[in-house]
Amino acid sequence: FMQRGLDSQTKKQLEEEEKKIINEEHWYLDVPDLKEKESCIIEERSFLRCEDLVYGRMSFKGFNPEIEKLMIQMNSKCKEEEIEEDDKMEADVSDEEMARRYETLVGTIGKKFLRKRDQRVLKDDEEEDDEVAEGNNTRPSKRAKKMFLKPQD
Amino acid sequence: MAAERGTPAEALVGQVVLPGDLLLLPAHYDEDAEGERLRLSGGAAPQGRLLCGPGLRRSGAGLLVTTCGLLRHRPGGGGAYWVDSQQKRYVPVKGDHVIGIVTAKAGDVFRLDVGGSEPASLSYLAFEGATKRNRPNVQVGDLIYGQFVVANKDMEPEMVCIDSSGKSSGMGIIGQDGFLFKVSLGLIRKLLAPKCEIIQELSQLYPFELVIGMNGRIWVKAKTVQQTLIIVNILEACEYMTAEQRKQALAKLSGN
């Protein structure tokens with residue numbers, strides 16, 4: 001890998017030499033650079049930027065629902081301050097419903113991705129919770145089944 | 001030629017200006033270092049650049065008026081001055097949304113008539129979801145709503161039907177039926193103003209769909225031919241009616 005380093009160094013040296021040669025040969029103006037005046041005026045030929053015109057495609061009273069959605073989108077781009085307030089209002093599902101659904105969702109979808117052994121454990125856990133009140137007899141027997149029984153000589 | 005003395009721009013806002021008038025701008029738009037000092041010390045200096053809109057040209061110390069009309073001013077966002085003039089003939093401007101009529105198909109490109117001096121070109125790839133194999137179904141005589149991507153006096157105007165992020169956002173082929181008519185550009189700007197009374201009043205009448213192109217063309221579609229024609233007549237007449245006359249006309253219609 002040292003070779004590659006050497007090559008880049010030699011390349012750099014070659015470039016520097018080339019630049020030196022070029023600079024000596026280059027013609028340049030002795031005149032001091034004119035200051036570029038930063039203009040504070042932008043020329044604009046479109047009325048759109050001046051007047052804040054609304055989007056040209058419109059639909060009223062539900063004639064074309066896609067365009068009505070588009071109207072809301074386009075016109076809200078101009079008024080971005082209102083969007084932040086309206087986001088909470090426009091949610092189809094309220095926060096409470098979301099929380100409720102998540103509780104049930106996480107369990108059901110989580111089960112789908114468990115391996116078989118873990119699924120059995122889950123089932124046992126659920127049945128255990130139900131049967132705690134009834135009695136603990138079933139527990140040791142199930143646990144015993146899972147453990148490896150050494151064959152008796 | 002005698003040098004004209006300019007008048008300060010603020011004095012003429014809302015008044016008629018004629019081509020050749022010179023408008024002087026306040027000191028903080030000067031390009032000298034003195035101007036900068038004033039900017040720093042003056043608390044009320046607007047930030048950002050001044051927008052010099054249609055009808056005005058930058059010339060030396062101030063702005064030169066090139067069309068006759070009323071001078072308008074918008075103080076927000078660095079300030080903007082422009083001349084509100086009446087015109088029927090459209091000049092293509094970059095970024096404008098217009099309605100074009102397809103007049104010819106030339107290989108990969110459609111030629112559209114937009115009401116300017118030259119037909120505009122529209123590539124078949126400039127539609128949302130268009131690929132070389134998946135071509136848009138555009139026939140001669142179709143109406144297309146698109147925006148200009150190139151529009152200056154030296155080149156042929158070019159249009160596209162997608163925006164900078166690749167989405168069509170309402171642009172593309174305008175559907176079947178409906179009625180296309182032409183109005184003056186001043187009415188178009190009035191209709192597209194943020195809270196336009198004409199449009200609000202019309203929207204109370206019947207359900208309908210409206211596409212307004214900046215080149216003076218409006219396309220209307222309602223459920224029946226009669227309703228469509230009523231809306232067309234109102235929009236055309238709006239230019240010369242006062243607000244009261246318009247309200248009377250609409251009241252008669254909604255009564256019927």
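All of these numbers come straight from a predicted model, not from anything done at the bench. Throughout, a chain's letter reflects where its sequence line sits, starting with A, and its residues are numbered from 1.
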Task: Segment of B:Met214 engaging chain A (4.5 angstrom heavy-atom cut-off) - done: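 Side chain only.
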Task: Proximal component of B:Arg74, with respect to chain A [non-hydrogen, under 4.5 Å] - done: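 For B:Arg74, side-chain heavy atoms alone lie under 4.5 Å from chain A.
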TODO: Using side chain to side chain contact (heavy atoms under 4.5 Å, CB included) as the criterion, list what pairs up with B:Val232, not counting sequence neighbours.
DONE: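 With neighbours one apart ignored, the set is B:Phe179, B:Phe181, B:Val220, B:Glu236.
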Open item on the list: Once side chain to side chain contact (heavy atoms under 4.5 Å, CB included) is applied, do any residues pair with B:Asn152, and if so which ones, sequence neighbours excluded?
Closed with: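 Listed in chain order: B:Asp154, B:Met155.
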Task: Any pair counted as side-chain hydrogen bond (donor to acceptor under 3.5 Å, both in side chains), so long as it reaches residues 216-227 of chain B, sequence neighbours left out - done: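 Those involving residues 216-227 of chain B are B:Asp113-B:Arg217.
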Task: Leading residue by heavy atom contact count with chain A [cutoff under 4.5 Å; candidates B:Ala193, B:Ser169, B:Cys196, B:Gly213] - done: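 It is B:Ser169.
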Open item on the list: Between B:Leu192, B:Ile212, B:Leu191, who has the most heavy-atom pairs with chain A when the cutoff is under 4.5 Å?
Closed with: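 Highest number of heavy-atom pairs under 4.5 Å: B:Leu192.
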Open item on the list: I'd like to know if the side chain of B:Glu239 pairs up with that of B:Ser184 as donor and acceptor (distance under 3.5 Å, no hydrogens or angles considered).
Closed with: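 Yes, a side-chain donor-acceptor pair sits under 3.5 Å.
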Under a 3.5 Å distance rule, please check whether [X] uses its side chain to pair with a backbone N or O of [Y] as donor and acceptor.
X	Y	answer
B:Lys182	B:Lys88	yes
B:Asn233	B:Leu229	yes
A:Asn64	A:Ser59	no

TODO: Just give me the residue among A:Lys61, A:Arg45, A:Glu68, A:Glu66 that pairs up with chain B most often, heavy atom to heavy atom, under 4.5 Å.
DONE: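 Looking at each of A:Lys61, A:Arg45, A:Glu68, A:Glu66 in turn, A:Lys61 comes out on top.
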Open item on the list: What residues of residues 92-100 of chain B make heavy-atom contacts with chain A at a cutoff under 4.5 angstrom?
Closed with: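 When heavy atoms of chain A are the reference, residues 92-100 of chain B contributes B:Pro92, B:Val93, B:Lys94, B:Gly95, B:Asp96, B:His97 within the under-4.5 Å range.
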TODO: May I ask you to check whether B:Phe208 and A:Phe60 place their ring centers less than 6.0 Å from one another?
DONE: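 Yes.
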